[in-house]
Every structure is written in C-alpha cells, then in structure tokens.
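Encoded as structure tokens, the structure appears first; notes follow it.
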Number of protein chains: 2
Amino acid sequence: MENVVKTDRRILRTKQAITKSFLELFSEKDFEQITINEIAERANVNRGTIYLHYSDKYDLLDKCIEDHINELISLCTKQENPSVSQGMVQEPKPIFDYFRDNFPFFSAMFSNQRVFLFREQLLNFISVNLMVKMKKPDDQPDIDLELKAQFMASAFIGIVEWWIRHQMPHSTQFMADQVKSLFENNQVYLANK
Amino acid sequence: MENVVKTDRRILRTKQAITKSFLELFSEKDFEQITINEIAERANVNRGTIYLHYSDKYDLLDKCIEDHINELISLCTKQENPSVSQGMVQEPKPIFDYFRDNFPFFSAMFSNQRVFLFREQLLNFISVNLMVKMKKPDDQPDIDLELKAQFMASAFIGIVEWWIRHQMPHSTQFMADQVKSLFENNQVYLANK
DNA sequence: TAACACGTGTTGAATATTTAACGGCCGTTG
DNA sequence: CAACGGCCGTTAAATATTCAACACGTGTTA
C-alpha cells in the first residue's frame, strides 16, 4: 500500500515543475491551445523529459486530476478518528482548506467546460465516501442509500463549485459550518458535532 | 564575452533552487545559523549537489551577491542609448525596478549586519558607473571627480537602503524621479531628462 | 507544386544529480 | 571518560535528465 521505495528527488522535482507549469497555462488559455513545448519551456525542463512521465498532454491532465483526487482521499481516510465505529462522516473544514490551498487548480477545473472527467471523479469519490459512512436506514427505509449519497454529493460539489467560481467569498470555517448544517438537515451527521 | 555554450538546464535549475532556498533562509535567520542541510532540504536537492557548485555557504553567499551585482551591471550597460556621447548617466527607474523585483534579496542584504561585502561591491559599482559618465569639470574644477562619485554613490545607496528597509513605500517611478532631481541639484544630469 | 516554419514523438550518447556510505569534527549527555 | 547525535565534506555507482538529431504530420506562403 505504501511506497516502500522513496522515489528519486529528480522525479519529484520534475513532475512538480511540469504540473505547475501546465496548471498555470491551463488557467490562462484553452486546453487545446497548450503545447508540450510551452509546458516544457515554462517548467524549465527538456521537452523529451515530459514524455518520460506522460504520454501526452491529455495524460498529463488526467494525472493531475488523479493526484488531487488521491490527495482528497488520503485527506479523508487519514482523518479517521478513533470514534470511527459511529459511522460518521468527517469534519468538512479540512476539505475546504484543501480546496482553498489549491485554488488555482480547482478554479481552472470548474471554469473549463471540457473537464468532464474531473467532475465525474470528484462526484464519484464524494458519493462513495458518503455512502460508506451513511448506513442509517432506521428512520427512512424507503430511501435508497446510493441515491441519497448521489444527491448529497451533488449538492456538496455544487456548493464547492459555487464557492470556487466566486473566488471563495467565505472562509473555509464558514463553509464547513454551512455544509454541516445542511447535512444535518438531511440526517447526515458529521463527526465532532 | 558572451557565453557561447549554453549551460545545461539542470545546472541552471539547481542553482536557482539552491539560491532561492538560501535567500529565504537568509531572510529568516542569522547567516551563521544556516546549515547546508537546511538549504539542501528546502531546495529539494541532494546535499552533495551543493558542493558541486559551491565550496561552502560563504562561497554561496558570495556568488549570490556577485550574481546580483552582475545583473545590475548588465542592466546599466545594456541601457546605453545612442546618445551615449553626451556622457550622461542613465535613467534610474529600471534600477529601482530591479531592486523592487528582487526585494527579498536586497531586503535581506540590507537588514543583515554581516554583509560588508555587498555594500562595498554595490557602492564601488555605483561610484565607478557614475564617475565614468560624469566628466564635467567645467563649472567646479576644484572638486575631485572620484570624491564626488563616492559622495553621490553613497547618497544613492543610502536612499535605496532606506526605501528597501521601509518596505518600498513609494513606486519605482517616484523614486526614480526623486533621484533624478537630487542628482540634478548636484550637477549630475541624467538621460531622457 | 515546393519550400518553409512549427509541433510531435523517439532515439543514443553525454552528463548532472541522487543515493548510500564513509571518516571526521564538535557539543551534549550518561 | 565513552557514547551519542548532528553536521560536514567526499566518494563510487546508479539513474534521471539533457541535448542533438532524427522522421513525421500540418498548415502557410510564394
């Protein structure tokens, strides 16, 4: 599960430079207009080096999305406090913090029409994450769990998207509190209530 | 005179990372407290790599200063407009722009007691630069040129230091205009008057 | 049509950097 | 005192990246 062998520093540095350069360009111009040459030059990396890690710019975009999704996943799983057995979803503030700290990326993602993949993966991740911990069929046995998870996940992403697109007009704490309230209205109770 | 052979990208990138890391640390703590380990770790570079380019942290500091002095020199010489024969000193705004764009570095330099070298080199550069173009012994033949150059250079650096230490309270354009006025008061006339 | 400029992927040889290890020095702690 | 931890400066071998050169496709222009 863990990477036992630490990856070479050069690889990490290079990938960082490439994705940083790429995401900058991504927020500046249309995806199709971006060339490998540009990315390489701005990253101060040889053009060929990019091909050592990514097959093309589509793959590069995919990997960027994947990385952030994985970051979100580890953020959520790592947060598992000892009271896991209660089946509660975790505190949303760290999630919002992550969105805020990576604002350029998510802003680019939400403002770019082409990126179905991102929305889809994010939605899937959220809904799965919600559903796993939401097993409370006591009160309303007639509501499908998966359906409800999708419903709540969509709502959550909708709020996030609105928040990002409006340049984060509220603090992450405020957003987290709002989300918690909205979730509680729908019988989804969060940890550290 | 020019570097005919372009240096390897890796060298440029590594040096950049090292100096950036070092200058950050330099602005955070006392020079003597800084360790090679820290620099390497923050630069995301192997410790040994630093020794490939610099013999120790003193050498590293020297090279940083040297680089900036050279940048200033090329900035001044490159600016030689066709009306060079008039013996005028160039417009000071680009110089102030350069100071502003490298604020972290100069701020660290000016706020650190230890760095005699920097002040000395900068002063020497300015005074030589002034003196070469200041040959106007018509009005006041009783004033030594070198002395006057030193005088004006010190005054100039004094203003720059004040400006940097006070977090650049005025625009570069404003500073340039002020300096031009002060110079004219002392019979030092600048280009593009 | 042909010539040209530009972006793409790919290759082999050169080279900069990493890793892991070594011995040494110094300050602290038992 | 000895043991220890931290930083130093250096090394050999492994490896990631660079550079320069390919062939290819695509549009532009004369």
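Within every chain, numbering begins at 1; the chains are lettered A, B, ... in the order of the sequence lines, protein sequences first and strands thereafter.
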Quiz prompt | Heavy-atom side-chain proximity of B:Thr172 to B:Phe99 below 4.5 angstrom | solution = no
Just how far, in rounded Å, is [atom2] of [N] from [atom1] of [X]?
{"X": "A:Tyr51", "N": "C:dT11", "atom1": "OH", "atom2": "P", "result": "13 Å"}
{"X": "B:Ile39", "N": "D:dG6", "atom1": "CD1", "atom2": "P", "result": "19 Å"}
{"X": "B:Leu60", "N": "D:dC8", "atom1": "CG", "atom2": "P", "result": "12 Å"}
{"X": "B:Asp59", "N": "D:dC8", "atom1": "CG", "atom2": "C1'", "result": "16 Å"}
{"X": "B:Glu32", "N": "D:dC7", "atom1": "CD", "atom2": "C1'", "result": "14 Å"}
{"X": "B:Glu41", "N": "D:dC8", "atom1": "CD", "atom2": "C1'", "result": "16 Å"}
{"X": "B:Ile34", "N": "D:dG6", "atom1": "CD1", "atom2": "P", "result": "20 Å"}
{"X": "A:Gln33", "N": "C:dG7", "atom1": "CD", "atom2": "P", "result": "12 Å"}

Quiz item: Hey, does the side chain of A:His53 come within less than 4.0 Å of D:dT17's phosphate (OP1/OP2), counting only N and O?
Solution: yes
Quiz item: Are B:Asn37 and D:dG6 close enough that a side-chain N or O sits under 4.0 Å from OP1 or OP2?
Solution: no
Quiz item: Hey, what's the ring geometry for B:His68 with B:Phe105, parallel, tilted or perpendicular (30° and 60° as the breaks)?
Solution: parallel
Quiz item: Do the rings of B:Phe26 and B:Phe22 sit parallel, tilted or perpendicular, given the 30° and 60° boundaries?
Solution: tilted
Quiz prompt | Side-chain donor/acceptor contact of B:Arg10 with base of D:dT17 under 3.5 Å | solution = yes
Quiz item: So, does the side chain of A:Arg47 form a donor-acceptor pair with the base of C:dG9 at under 3.5 Å?
Solution: yes
Self-check item: Pairwise 5' ranking along DNA chain C for A:Leu52 and B:Arg13, keeping only the more 5' one
Solution: A:Leu52
Self-check item: A:Ile36 vs A:Arg9, nearer the 5' end of DNA chain C by closest nucleotide
Solution: A:Ile36
Quiz item: If you draw the axis of the six-membered ring of B:Phe31, does the NZ or CZ of B:Lys57 fall within 45° of it and under 6.0 Å from the ring centre?
Solution: yes
Quiz item: So what does A:Asn46 touch, heavy atoms closer than 4.0 Å: a base, only the sugar-phosphate, or nothing?
Solution: base
Exercise. Identify whether any heavy atom of B:Thr14 sits under 4.0 Å from a base atom; if not, whether one sits that close to sugar-phosphate; answer base, sugar-phosphate or nothing.
Key: sugar-phosphate
Exercise. Please figure out whether B:Asp56 or A:Ile50 has its closest DNA chain D nucleotide nearer the 5' end.
Key: B:Asp56
Quiz item: From the list D:dC8, C:dA16, D:dA16, which nucleotide is the closest neighbour of the side chain of A:Asp8?
Solution: D:dA16
Exercise. State plainly whether the residues B:Lys29 and B:Glu24 are in salt-bridge range, i.e. N to O under 4.0 Å.
Key: no
